[in-house]
Amino acid sequence: MPEIVACTAVHPLPDGEVRLLGAIDVVTGSMSRVDVGGKRLLVDCGVTQGRDPKRRELPEQAKEADALLLTHGHLDHIGSLPQLLDSGWDRPIFCTRATYEICRISLEDSLNMARTPDREITAFLRQFERQVRTLAYDVAATVPGMHGTITFRDAGHILGSASIEIVTDKSRVIMSGDLGRPNSPILRDANRVWKDDRDVDMVIMETTYGARSHEHTHEDIERTLERIVNDAWKRRAKVLIPAFAIGRTQVLLWFLSDLVEQKRIPEIPVALDTPMGLLVTETYKRAKRLYDRETLDRIQHGDDPLDFDSLFVVRRGKDSFRLRNTEGAMIIIAGSGMCTGGRIIGHLVDGLPDPETTVLFVGHQSVGTTGRRIQEVAEAGGTIRLDGEELPVRARIETLRGLSAHMDRAELLAWLGSIPRVKRVGLNHGEATAQAAFLEYAKERGVAPR
Ligand SMILES: [Zn+2]
């Protein structure tokens, strides 16, 4: 039975240690050092959400690393990479090919948002390309000079996401990265097949939803979407969906195309009005080798869930503006996911005062964001200031629950249970309360000692 430890920064290994430099008792800012086999490996280089990546101090331990391993392309795992390279750090960066592509898109976007000059962005992307070494899943590779191997395993969270297994003569460590829910659309599930020829000294695992059980099934999600879309179709009205570009947008398209395919909703025009969402969707489409069986079967039957007949893309800003004056039923998917910027703002300026429009939230809205404010005003009344205008909220405000990209506590425990001979587990990437709840949950089920 493994020992499970919450909110702890340093974990000893037979020939080194794991040291969490971020996400010790919060969900953002993932960054850890794994010192084994004579080398110092940095796993992820995240930024704490809401902070300016340029102004945040990068820990010295990050700059000392001999190599960087990236689990996936979400900013809370990669956002400090520009700063690391900017400091002159020039060692190899390992990740999957899809993670590399998503990193480029999201870091270019975040540098643009921080008003970084184009010249610097180009220089960063070039430097990143020089240092990156892409790896396929389940293929052991070596870090130069290290006595041991690293292997990326599918994590089922977003395209290219991985758990990382690090093996030396004396230590075996598994870093979970973010773990996606089993049976999620498009992607294969997280890896559940591990060698059992030796002990696993340390598993570091995320606990974003360590306190939660996801209640919503695919059918719940489809029923809610079906109701909202059919209702808008009848009224010839718009549905505005603020969506995160990476993962959420593609999953949403998957559900919409599935409903059209089942003839549960009409072929309503779906506008993908998010430049970053479009780039990421194109990356997904190029990576069909990573899709799950169900999605590949659908494609084989002529139904590509990310490229259906009524889907159209809006590339230029002026076309987005034109869309605002287009009449008729339509779904508009635009960033940003919490309405803190991006093309969704223009659509909201038109849509919020209009009782016919539906605004559909598909993800958690953090306190202090425009998205949360819209939800609050819809409940309590009042107005909202957007793009210099004071707007009433008369639109129908809806929330689609169940699209989480993280495992719940039972799924986390099942994932952990798939790893044989685990000696110690360190929890991270979860609020302290979530970690404590997960620990208690594991004890109740006899997975950890009382
Ligand atoms: Zn993530």
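Position 1 is the first residue of the sequence, and the numbers go up from there.
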By ring-ring contact (aromatic ring centres under 6.0 Å, His included), His147 pairs with (sequence neighbours left out) none
Given the options Leu85, Val132, Leu41, Leu81, Leu68 meets side chain to side chain contact (heavy atoms under 4.5 Å, CB included) only with Leu81
Judged by modelled atom types alone, do Thr217 and Asp220 share a side-chain donor-acceptor pair under 3.5 Å?
yes
So the ring-ring contact (aromatic ring centres under 6.0 Å, His included) pairs with at least one residue in residues 255-293 (sequence neighbours excluded) are His218-Phe255
| message | Would the distance check show the side chain of Ser32 and the main-chain N or O of Leu20 forming a donor-acceptor pair, the cut-off being under 3.5 Å? | response | no
Heavy atoms of Trp415 and Ser176 approach each other most closely as CH2-CB, 3.5 Å
- Query: Counting N and O atoms only, with roles assigned by atom type, does the side chain of Asp201 sit under 3.5 Å from a partner on the main chain of Arg172, one being a donor and the other an acceptor?
  - Reply: yes
Give a yes or no on this: more than 12 heavy atoms of other residues, nucleotides or ligands lie within 6.0 Å of atom NZ of Lys195.
no
Taken in chain and number order and not counting sequence neighbours, the residues that satisfy salt bridge (Lys or Arg N to Asp or Glu O under 4.0 Å) with Arg40 are Asp66
Exercise. Leu412 and Tyr441: side-chain contact (heavy atoms from CB on, under 4.5 Å), yes or no, with the steps?
Worked result: CA-CA 11 Å; Leu412 286 168; Tyr441 182 75; over 6 Å; no
Tell me, with the steps shown, if Ile228 and Val239 meet side-chain contact (heavy atoms from CB on, under 4.5 Å).
CA-CA 8 Å; Ile228 291 168; Val239 180; 4.2 Å; yes
Could you go step by step and tell me if Ile246 and Met276 meet the side-chain contact (heavy atoms from CB on, under 4.5 Å) rule? CA-CA 8 Å; Ile246 307 172; Met276 185 170 153; 3.9 Å; yes
Taking atom CZ as the centre, does Arg126 end up with more than 12 heavy-atom neighbours from other residues, nucleotides or ligands that are less than 6.0 angstrom away? no
In this structure, CG of Leu187 is separated from CH2 of Trp254 (nearest 0.5 Å) by 11.5 Å
From the list Ser110, Ser30, Cys95, Cys103, side chain to side chain contact (heavy atoms under 4.5 Å, CB included) with Ile78 holds only for Cys103
task: Return yes if some donor-acceptor pair links the side-chain N/O of His429 with the main-chain N/O of Val27 below 3.5 Å, else return no.
output: yes
| said: Do Arg212 and Ser404 pair up side chain to side chain, a donor and an acceptor below 3.5 Å, judged on atom types alone? | reply: no
Applied to residues 130-151, the salt bridge (charged side-chain N to carboxylate O under 4.0 Å, His left out) test, sequence neighbours excluded, yields Asp138-Arg153
Worksheet item: Would one find more than 12 heavy atoms of other residues, nucleotides or ligands at under 6.0 Å from atom CZ of Phe321?
Response: no
Are any side-chain N or O atoms of Asn428 and backbone N or O atoms of Ile204, one a donor and one an acceptor, separated by less than 3.5 Å?
no
Shortest non-hydrogen pair, Met31 vs Gly46, comes out as CE-O, 3.7 Å
Is it the case that more than 12 heavy atoms not belonging to Lys288 sit under 6.0 Å from its NZ atom? yes
Taken in chain and number order and not counting sequence neighbours, the residues that satisfy ring-ring contact (aromatic ring centres under 6.0 Å, His included) with His214 are Tyr209
Those residues at least two apart in sequence (or on a different chain) that pass salt bridge (Lys or Arg N to Asp or Glu O under 4.0 Å) with Arg324 are Asp350
- Message: Could you check whether any side-chain N or O of Thr369 sits under 3.5 Å from a backbone N or O of Ser366, counting only pairs where one atom can act as donor and the other as acceptor?
- Response: yes
Sorted by chain and number, sequence neighbours left out, side chain to side chain donor-acceptor pair (under 3.5 Å) with Arg401 holds for none
Determine whether a donor-acceptor pair (N or O, by modelled atom type, separation under 3.5 Å) exists between the side chain of Thr149 and the backbone of Thr142.
no
- prompt: Any chance the side chains of Ser171 and Asp15 put a donor and an acceptor closer than 3.5 Å?
  reply: yes
Value for CG (Leu135) from OG1 (Thr151), rounded to nearest 0.5 Å, stands at 8.5 Å
Here the gap from Asp35 atom CG to Leu42 atom CG, rounded to the nearest 0.5 Å, amounts to 10.0 Å
Residues at least two apart in sequence or cross-chain that pass side chain to side chain donor-acceptor pair (under 3.5 Å) with Gln435, listed by chain then number, are none
Check your understanding: So does Glu64 pair up with Arg33, basic N to acidic O under 4.0 Å?
Key -> yes
Residues at least two apart in sequence or cross-chain that pass ring-ring contact (aromatic ring centres under 6.0 Å, His included) with His157, listed by chain then number, are His72, His74, His406
For Glu294, the salt bridge (Lys or Arg N to Asp or Glu O under 4.0 Å) test, sequence neighbours excluded, returns none
Please indicate whether Asp197 has more than 12 foreign heavy atoms, meaning atoms of other residues, nucleotides or ligands, lying under 6.0 Å from its CG.
yes
Item to complete: Return yes when atom CZ of Arg119 has more than 12 non-hydrogen atoms of other residues, nucleotides or ligands closer than 6.0 Å, and no otherwise.
Response: no
| query | Any side-chain donor paired with an acceptor under 3.5 Å for Thr96 and Thr99? | reply | yes
**Asked** Salt bridge between Glu219 and Arg223, side-chain N to carboxylate O under 4.0 Å?
**Response** yes
Sorted by chain and residue number, the salt bridge (Lys or Arg N to Asp or Glu O under 4.0 Å) partners of Glu226 (sequence neighbours excluded) come out as Arg264
- Item | Check against side-chain contact (heavy atoms from CB on, under 4.5 Å), Arg293 and Asp297 | CA-CA 6 Å; Arg293 195 65 262 156; Asp297 282 349; 3.4 Å; yes
If we ignore hydrogens and angles and just use 3.5 Å, is the side chain of Trp89 paired with the main-chain N or O of Ala65 as donor and acceptor? yes
* Between Arg343 (side chain) and Ser320 (backbone), is there a donor-acceptor pair under 3.5 Å? -> no
Rounded to the nearest 0.5 Å, the CG atom of Leu225 sits from the CG atom of Leu360 at a distance of 6.5 Å
Any donor-acceptor pair under 3.5 Å linking the side chain of Arg421 with the backbone of Asp196? yes
**Q.** Carboxylate-amine/guanidinium contact Glu60 Arg19, below 4.0 Å
**A.** no
**Message:** I'd like to check Ile374 versus Gln365 (side-chain heavy atoms, cut-off strictly below 4.5 Å). Are they in contact?
**Reply:** no
On a heavy-atom basis, the closest approach of Val34 and Met175 is CG2-SD, 3.9 Å
Taking every heavy atom of Ile166 against every heavy atom of Val36, the minimum-distance pair comes out as CG2-CG2, 3.7 Å
Between the NZ atom in Lys285 and the CD atom in Gln250, the distance rounded to the nearest 0.5 Å is 10.5 Å
Distance col, row Thr295:OG1 vs Leu290:CG, nearest 0.5 angstrom, shows 11.5 Å
Taken in chain and number order and not counting sequence neighbours, the residues that satisfy ring-ring contact (aromatic ring centres under 6.0 Å, His included) with Tyr100 are Phe128
Quick one: does Thr116's side chain have a donor or acceptor within less than 3.5 Å of a partner on Leu111's backbone? yes
